[in-house]
Every structure is written in structure tokens, then in C-alpha cells.
Amino acid sequence: MTESVRQRNASAWLIPNDGTRTNHRLRADMHRYDDDDEVDIVVVGAGAGGSVLTQRLARAGWRVVTLDAGPFWDPDTDWVSDERGSHSLYWTEPRQIGGETPVPLGSNNSGRGVGGSMVHYAGYTPRFHPSDFHTRTADGVGADWPISYDELRPYYELIEAELPVAGQNWPWGDPHTYPQHAHPTGGNGSIFLRGAHAAGIEARVGPVAISNGRFGNRPHCIYRGFCLQGCKVNAKASPLITHIPDALAHGAEVRSGCMVSRVLVDDRTGRATGVTYLRDGVERRQRARMVAVAGYSIETPRLLLLSATKRFPAGLGNDHDQLGRYLMVQGAPQTAGRFDEEIRMYKAPPPEVSSEQFYETDPTKPYKRGWSIQTVSPLPITWAEHVVAQGHWGAVLREYMRDYVHWATLGALCEFLPRPENRVTLADEVDRHGLPVAHFAYSMCDNDKQLMTAAQKSMERILSAAGASEMMTIQRFAHLVGGARMAAKPEEGVVDANHRVFGIPNLYLTDGSVLPTQGAANPALTIMSLAARAADRLVAGARSGPEMATVD
Amino acid sequence: MTRRNETRRPVTPQDRGRFGGFDVLDEVDRWDEVTKREVLGRLAPGTTHKFFTSTEAHVAVALLDLLLAQDREPRIPVLPLIDVRLADGETDGWHYDDMPEDGDAWRQTLAHLDADAMAAHGCGFAELTAEQQAPLVQAVYDAEQWHGLPAKHVWSLWTRYSCTAFYSHPWAWNEIGFGGPAYPRGYKNLRIDGREGWEVPDQAPDDPVPFADRVEQAHDNHADLVGRAPDQR
């Protein structure tokens with residue numbers, strides 16, 4: 001297995017073997033294009049979607065320039081084993097949030113720099129279930145994708161091997177196995193397994209993109225517990241180490257510190273011609289034969305709105321007022337239980353154990369779709385949010401905090417439904433470059449609220465069965481997907497099944513913004529797998545002639 | 001090697017804590033250099049304010065002491081940690097569309113709190129006793145709107161910044177038994193009730209005062225402070 005991965009993606013073998021984490025030679029020798037070179041494709045954003053696309057196209061011989069607004073991280077010098085000190089990993093450019101239930105951004109759901117938010121995601125990499133691709137037909141809610149699970153499955157398998165993913169045999173959705181055995185569990189995971197067993201709920205260890213054992217030159221996990229602060233070990237997968245090194249070795253240029261301000265479109269031909277971007281405050285331009293945007297669910301719609309022209313006055317891909325809409329977050333209540341034993345949940349990676357028993361629609365319930373349950377292990381600052389959410393402050397806050405080592409915490413991911421009014425628009429406020437910032441409005445529907453309540457009860461059931469003497473729940477949100485969704489026709493979405501923006505034949509979106517539904521799964525693996533599939537379609541299309549950018 | 005004074009005792013804020021003898025700073029030599037620099041910097045923050053005016057700082061210190069129950073020395077220097085953050089513009093980026101951006105929101109809400117103190121007691125918030133301050137702060141938590149701002153968003157601002165500063169400090173980690181930075185050392189004993197050689201058990205492993213009673217007591221003290229019957233919480 002490992003050798004076949006190396007044949008198609010040598011990233012893990014391009015990392016140093018000497019205890020340092022970055023191949024500086026590879027970066028120094030990186031191919032560099034001129035702004036005036038018309039490259040084959042310019043990719044906006046080097047996160048989960050953009051990095052995989054970059055690596056695949058570079059391997060196919062394309063001349064690729066990938067622009068990222070943030071830094072080109074070095075885990076040795078840029079990241080710390082500390083919660084507060086990890087603020088630079090998040091997208092902290094100004095944004096406004098509103099709606100009935102505004103969704104806080106920043107640390108929870110946005111990334112910055114090469115590797116994107118996968119630099120600080122927990123590491124969970126579940127697949128979507130086959131039902132996620134046709135919820136409209138099956139359950140009368142959500143949307144049907146223009147592609148099926150079966151079309152994505154081969155890409156799930158490829159990416160799972162490249163990350164690689166560790167976990168027990170998976171019984172839910174499309175049952176499958178993982179390339180690596182499951183990790184041992186810490187206190188929090190052990191509580192989940194104990195409670196689930198006692199409550200008659202199925203749980204499994206994994207699936208996490210944290211190498212269990214050495215993988216190429218990436219070392220074994222040291223169970224440090226700081227997955228959400230960037231993995232200094234190189235054990236947890238992010239595109240910075242799983243796809244970017246191989247992309248550089250195949251001639252791609254990853255240009256960091258470059259904030260793309262506009263996708264350029266020639267109104268006469270209706271085709272994209274490149275992008276403008278800001279580097280050190282100076283506006284520059286990169287010409288390209290094709291453009292792929294992978295800026296995630298807030299910045300991708302914002303960029304397309306900022307790129308309006310006379311021919312596309314409402315923004316690119318927005319002829320039918322679909323852009324920015326159907327943006328989704330998952331309802332993510334977290335329930336903690338108090339135990340007399342010391343749990344010390346900060347030890348071991350926060351992602352340990354999952355259950356997808358409640359993932360699918362239960363016909364006996366009044367709500368549609370479902371949720372998953374996973375261990376989460378908040379570090380002290382985040383744990384304080386849990387305590388404060390109960391209304392505690394002052395002496396009571398301190399008292400609960402002193403009890404930190406006795407608490408275990410579970411988190412649910414509830415499948416909130418896509419709604420047209422949950423959307424990104426441009427606000428009156430401008431950023432430091434003078435560009436209007438994104439306004440993100442979010443409101444929940446009744447089905448969403450019912451799922452939050454039911455998910456909380458299921459976690460209370462597990463923790464009670466494990467012996468918890470007291471419980472506390474915090475209501476929160478997790479992940480972002482949608483905002484420029486994939487659809488069968490332009491009246492219903494922004495891109496087609498090949499990720500091509502409706503109405504602009506050489507503009508593509510290859511990130512989480514294209515998802516029409518979200519399931520109850522963490523989105524990283526699906527975003528990477530979609531990008532790998534999109535790359536295959538682009539390469540196949542290029543072979544069939546210059547005007548036919550993708551196969552149909 | 002970092003020189004440590006052998007007779008030095010672990011510091012916890014207000015000498016409160018349940019992990020006697022546990023000092024996360026004993027592990028400093030096993031932290032990576034970048035993390036060490038970052039964390040140790042919090043032990044000696046600057047004393048001059050770059051963001052807050054001295055009037056604002058006066059109110060802010062009183063508010064932060066109250067929110068975090070820092071009623072005596074040794075205190076974690078929370079205000080300087082917030083001040084440097086706001087001075088550097090190191091916000092979370094997003095803000096509620098019914099709130100100003102974080103820096104302005106801090107200035108406005110401190111002024112409002114001071115005005116509330118003036119209206120109720122005829123002097124500034126910082127001049128009041130904790131017993132006088134606490135009901136004014138609790139009133140913000142209990143309100144829907146407060147001086148034209150959504151009160152829960154004001155509460156979110158205050159608690160987010162204050163808890164982030166307080167629980168980023170090694171003295172707070174000593175108080176709660178948290179192991180702090182863990183690279184390149186990692187952890188070996190992951191199981192329930194598993195401890196590394198340098199970790200210290202909770203001094204009340206059998207919970208001599210049942211947890212519920214401890215919380216109840218804290219609630220009662222808190223209720224006394226905010227001046228209302230405990231059952232109203």
C-alpha cells in the first residue's frame with residue numbers, strides 16, 4: 001500500500017528525515033513563474049481543495065501557480081505547543097456575522113496559510129454516507145447532488161491512503177476499512193467507549209488522519225493533544241505535508257502572502273484571464289488559461305462577488321442569484337460529564353472515537369437526517385467557554401475550572417439543512433485593502449433545532465451510562481460548507497458536476513463551497529476527494545481538446 | 001538549562017488550587033524553544049498600556065478581577081495581556097453585525113459600566129466595593145439590551161478576552177492541573193487515572209467534599225456577592 005502511495009504522491013518521502021519538519025531545499029528550488037507568464041491554471045487558496053488540485057495537475061504536467069493569502073508554514077518555527085499562541089493559524093481578517101443565530105468564525109472554522117484549516121482541524125476524516133448525495137429524493141429535504149457517492153468512492157480510497165487514515169473497520173454508510181490500525185485511546189476516548197457499550201450504542205475508534213506508525217519520513221504521533229494548534233510532529237495530515245511537497249517536486253509554484261482581490265474576466269469572450277492579487281500591499285496580476293478558486297465557503301463567494309463586471313454585474317456565477325447561498329454549518333453541541341476518576345482529556349489527540357449510529361433519518365422521529373458523535377477534548381481556554389456558557393463567572397467559573405481533569409467531553413455534528421437565506425453578501429465595511437468584507441447571515445430551521453436537542457440527549461445517554469455525576473452542554477457550530485453549490489442546472493447552483501462555474505467555461509471552484517449537503521461528517525476528506533476528482537476531469541478534458549475544458 | 005530556585009514554590013492565582021506542588025514551569029526545559037519563548041513572555045507582560053487609556057484601564061482591571069474572582073495577590077496580570085492584544089489588533093476578525101469591532105466595543109462597554117456605577121452609587125466603577133460592583137456586572141448578564149448593545153454579545157466579548165488571557169497563563173495551569181506545552185515530549189500514560197511521572201494527582205481524589213456541594217458553596221458565595229438569594233441564579 002505504502003509503495004503505491006509513494007508512486008503517485010511522494011510528499012511523505014519529501015519531508016526531512018532528521019527531526020526537522022520542513023524541506024527548505026524543495027521550497028528554495030521551487031519553480032517561479034512571472035506574472036506575465038500565461039500559466040495553465042492559477043489556483044486561489046492552498047487548503048484542502050486547492051492543494052490536492054495543485055498536486056494532481058502538477059503531476060499531469062500542467063504549469064500551476066497557487067496563490068495563498070497566508071504564510072508558507074514551517075511547523076518548527078511558526079507553530080507552538082500552546083493554545084493561546086496559535087492565533088496566527090486562523091483567518092482573522094474582518095468579517096461580519098448576523099442572522100438569528102450568528103456563527104462565530106475565526107478559530108473554529110477558518111484557516112490561514114498553506115495547508116488551510118486542515119492545519120488546525122482535529123483530524124477526523126469520515127466519508128459521507130451514500131444517502132448524503134440524494135437527501136431531496138430520499139427524505140424530501142436538502143438537495144440532490146449531480147454526482148453520486150459511487151463516483152466519489154474511488155477518490156475517497158485514494159485520499160485515505162495518502163493522508164493516511166487510521167481507524168477500526170467502519171460499519172456505517174458504505175462499510176469500508178482503513179489503511180492503518182486504530183490508535184490507542186486516552187481517557188476521553190475510553191469514557192466514550194465505556195459509555196457507548198453500557199448504553200448499547202455502537203462506537204468505533206477513528207477515523208483520523210494521524211499516522212499510526214511512521215509514514216514515509218513522517219514520524220509517529222506522540223499523543224501530545226495539540227492537534228487543533230497545528231501538528232509540530234508532522235504526524236497529523238494537512239496538505240502542507242500530504243500534497244504540497246509533491247506538487248513542488250513536480251513544478252508547481254505555491255506563492256504565499258498573496259491575497260487574491262479579483263478574478264479577471266474578459267467581458268468580450270466571457271472567459272477568465274487570470275487574477276489580480278495583493279502582495280506586500282502592491283497589486284499584481286497573474287495571467288492564466290484557467291482559474292480555480294478554493295478559498296472556502298466565505299472567501300470564495302466573496303471573491304466572486306468582488307469580481308463583478310459589466311457582463312456579470314451581480315458577480316461571477318451569479319446570473320441566477322445563487323452565489324453565497326445555501327451556506328451550511330453543522331450544529332455542534334458539546335456535552336461534558338464529570339467523573340471521580342482523572343480523565344485528563346488534554347492528553348492524546350482530541351479526535352479519538354466516533355459513532356455514526358444516529359447519522360441517517362430515523363423514520364420514527366419527527367425530524368429528518370441525523371448526527372454523529374465524536375470525542376472532543378477542549379484545552380483550558382476552550383474549556384472555559386464551556387463553563388462560561390452555563391452562565392458561570394467569578395468564583396463559580398474558577399471552581400469548575402479547577403475540576404478540569406475530571407471531565408470528559410463529547411461533541412455532535414448535526415446535519416443542518418441548506419437554506420437559501422443562509423448566505424454571504426458584501427457588507428458596507430471594507431478591509432485594510434479597501435475591499436468590502438463578507439457578511440455571513442445564519443438562521444436555523446425547526447429541523448436543525450430538533451437535531452441539536454436529540455444529539456444532546458444521545459451524548460447525555462452515553463456519559464450517564466459511563467458514570468458521569470454531572471453534565472454540561474454548550475451549543476455551538478462547526479465547519480462551513482456550501483455557498484457556491486454544485487447543481488445540475490444554473491438556476492439551482494453555481495457550478496456543474498465538473499466544478500465549472502455556470503456561464504464561465506474556464507473558471508472552477510474546487511473547495512468546500514461546492515457541497516450541496518453536508519451530512520454529519522467532518523468535511524475535509526470529502527473536499528480533498530472532490531478536488532482529486534475535479535483534477536481528473538480537467539486532465540481528461542484537456543486531452544480531448546482546448547475548447548472542451550472538461551468531459552461531460 | 002533554565003536556572004530554578006529549589007526553594008521556590010509553585011504559584012497559583014490567589015494561592016488557590018488542588019494540585020499542591022505541581023508546577024508546570026518545572027517542565028520548561030522540555031519545551032521546544034518557540035513555545036518556551038511564547039509562554040514565558042506571559043509571565044512578564046509590560047506595565048504601560050498601549051491600547052487602554054488610564055481611565056479605561058482603571059475600570060477594566062476592576063471588571064476583570066471580578067469576572068475571574070481575582071480578589072487578592074498573587075494575581076495573573078490579565079489586563080496587560082488583553083491590552084497588548086488590542087493594541088496589536090490581534091482580534092478574532094469577525095464581529096457581530098450589531099456590535100462595533102472589538103477594540104471599540106471594549107472602550108464603549110467600559111464607559112457604560114462606569115456610567116452605571118455613577119448612576120447607582122455616585123462614583124466610578126473602580127471605586128466601588130466588590131459587593132457593589134457585582135450586581136452591576138450581573139445585570140449585564142441578565143439584560144437583553146444594555147446601553148443599546150445586545151447584552152449577550154457584550155458578555156461574550158468580556159468573557160472571551162478575559163478567559164483567553166487568564167487560562168493562557170502558567171499559574172492558572174498550576175491551579176487546574178493542566179500539563180501545558182507538550183512538544184517534543186508528548187504523553188505516555190493515556191489511560192483513565194493515568195499520569196506521567198511529573199503530573200500531580202488531584203489532592204482530593206476521593207472528592208472529600210462532593211463536587212456538587214463544592215459548586216453549591218461557590219454558588220452561594222457568588223449569590224452573596226451579587227446580592228440576591230441563591231435560588232434566583
Side-chain angles (χ1 to χ4, degrees), chain A residues 76-77 79-85 87 90-98 102 104-107 184-187 190-191 222-226 232-233 338 340-344 346-348 380-381 384-385 388 391 393-406 427 439 469-470, chain B residues 16-18 31-32 34-35 38-39 66-69 90-98 101 134 137 141 159-160 163-164 166-168 172-173 175-179 181-188 190-195 199 201-202 205-207 211-212 214-215 218-219 221-222 225 233:
Chain A
D76 283 322
T77 54
W79 298 347
V80 289
S81 195
D82 177 69
E83 195 178 10
R84 167 69 182 98
H87 197 261
Y90 316 129
W91 187 274
T92 53
E93 295 288 329
R95 290 163 166 176
Q96 290 186 16
I97 61 171
L105 300 168
S107 62
T185 55
S190 301
I191 289 288
I222 61 169
Y223 305 108
R224 180 177 65 109
F226 284 86
K232 283 181 80 71
V233 183
R338 204 271 171 187
D340 286 343
E341 301 143 293
E342 290 187 9
I343 310 304
R344 296 191 184 253
Y346 56 87
K347 296 164 72 161
I381 292 168
E385 281 177 40
V388 164
W393 59 277
V396 187
L397 165 67
R398 292 278 296 279
E399 187 66 47
Y400 270 97
M401 290 301 296
R402 274 196 284 278
D403 211 45
Y404 177 56
V405 302
H406 290 283
H439 180 280
S469 57
E470 184 187 345
Chain B
R16 295 186 180 118
R18 298 219 308 255
W31 300 351
D32 70 275
V34 190
T35 302
E38 171 80 25
V39 173
L66 200 67
L67 286 173
L68 296 164
E90 195 191 339
T91 69
D92 290 334
W94 59 272
H95 66 88
Y96 293 102
D97 60 10
D98 51 13
E101 63 83 28
V137 171
Y141 179 81
T159 54
R160 255 185 297 131
C163 288
T164 297
F166 189 83
Y167 288 104
S168 72
W173 301 341
E175 179 188 5
I176 68 174
F178 171 61
Y183 183 80
R185 177 201 60 211
Y187 287 108
K188 290 195 180 70
L190 303 181
R191 64 188 190 284
I192 292 169
D193 275 332
R195 275 185 297 274
E199 286 182 308
D202 187 347
D206 301 324
D207 208 2
F211 179 70
R214 234 178 14 238
V215 170
H219 273 305
N221 296 345
H222 187 66
L225 189 62
R233 69 171 179 265

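Computed from a predicted structure; not experimentally measured. Below, chains carry the letters A, B, ... as their sequence lines are ordered, and counting in each starts from 1.
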Answer yes or no: is there a side-chain heavy-atom contact under 4.5 Å between [X] and [Y]?
{"X": "Pro181(B)", "Y": "Val80(A)", "result": "no"}
{"X": "Pro102(A)", "Y": "Trp94(B)", "result": "no"}
{"X": "His95(B)", "Y": "Ile97(A)", "result": "no"}
{"X": "Leu105(A)", "Y": "Asp92(B)", "result": "no"}
{"X": "Leu397(A)", "Y": "Leu68(B)", "result": "yes"}

Could you measure the distance from the [atom1] atom of [X] to the [atom2] atom of [Y]? Nearest 0.5 Å is fine.
{"X": "Gln96(A)", "Y": "Tyr96(B)", "atom1": "CD", "atom2": "OH", "answer": "13.5 Å"}
{"X": "Arg191(B)", "Y": "Ile343(A)", "atom1": "CZ", "atom2": "CD1", "answer": "12.5 Å"}
{"X": "Cys163(B)", "Y": "Ile381(A)", "atom1": "SG", "atom2": "CD1", "answer": "9.0 Å"}
{"X": "Asp97(B)", "Y": "Arg95(A)", "atom1": "CG", "atom2": "CZ", "answer": "15.0 Å"}
{"X": "Trp173(B)", "Y": "Tyr346(A)", "atom1": "CH2", "atom2": "OH", "answer": "12.0 Å"}

Main-chain N/O of Thr91(B) paired to His87(A) side chain as donor or acceptor, under 3.5 Å: yes

Heavy-atom donor-acceptor pair, Lys347(A) side chain to Gly194(B) backbone, under 3.5 Å: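 A pair under 3.5 Å: yes.
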
Arg398(A) versus chain B, the contacting section by heavy-atom distance below 4.5 Å: both

Glu93(A), part contacting chain B, at a heavy-atom distance under 4.5 Å: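 Just the backbone, heavy atoms under 4.5 Å.
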
Under 4.5 Å from any heavy atom of chain A - which part of Glu199(B):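 Just the side chain, heavy atoms under 4.5 Å.
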
Interchain contact, Thr164(B) with chain A, by part (heavy-atom threshold 4.5 Å): both

Minimal non-hydrogen separation, Tyr404(A) against Phe178(B), with atom names: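 Closest pair (atom of Tyr404(A), atom of Phe178(B), distance): CE2-CD1, 3.9 Å.
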
Partner chain A: residue of Arg160(B), Glu175(B), Arg16(B) with the largest heavy-atom pair count (under 4.5 Å): Glu175(B)

Ionic contact status for Arg84(A) with Glu38(B), cut-off 4.0 Å: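 Here Glu38(B) does not pair with Arg84(A) in a salt bridge, since their nearest N and O are not under 4.0 Å apart.
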
Pair Asp193(B) + Arg344(A), salt bridge at N-O below 4.0 Å: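 Arg344(A) and Asp193(B): not salt-bridged.
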
Partners meeting salt bridge (Lys or Arg N to Asp or Glu O under 4.0 Å) with Glu83(A) (sequence neighbours left out):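 Checked Glu83(A) against salt bridge (Lys or Arg N to Asp or Glu O under 4.0 Å); zero matches.
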
Test log, rule side chain to side chain contact (heavy atoms under 4.5 Å, CB included), inputs Val137(B) and Trp393(A): CA-CA 10 Å; Val137(B) 171; Trp393(A) 59 277; 3.9 Å; yes

Heavy-atom pairs under 4.5 Å with chain B, option from [options] with the top count:
{"options": "Gly106(A), Pro104(A), Ala348(A)", "answer": "Pro104(A)"}
{"options": "Gly394(A), Gly98(A), Ala427(A)", "answer": "Gly394(A)"}
{"options": "Pro184(A), Gly391(A), Gly225(A)", "answer": "Gly391(A)"}

Verdict with supporting geometry, Glu342(A) and Ile192(B), side chain to side chain contact (heavy atoms under 4.5 Å, CB included): CA-CA 6 Å; Glu342(A) 290 187 9; Ile192(B) 292 169; over 6 Å; no

Arg185(B)/Arg224(A) under side chain to side chain contact (heavy atoms under 4.5 Å, CB included): CA gap, chis, key distance, verdict: CA-CA 8 Å; Arg185(B) 177 201 60 211; Arg224(A) 180 177 65 109; over 6 Å; no

side-chain contact (heavy atoms from CB on, under 4.5 Å), paired with Ser81(A), selected from Val39(B), Val34(B), Thr35(B):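 Filter result, single survivor: Thr35(B).
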
For Trp31(B), ring-ring contact (aromatic ring centres under 6.0 Å, His included) partners two or more places apart: none

Ring centroid separation Phe226(A) to Tyr183(B) under 6.0 Å: no

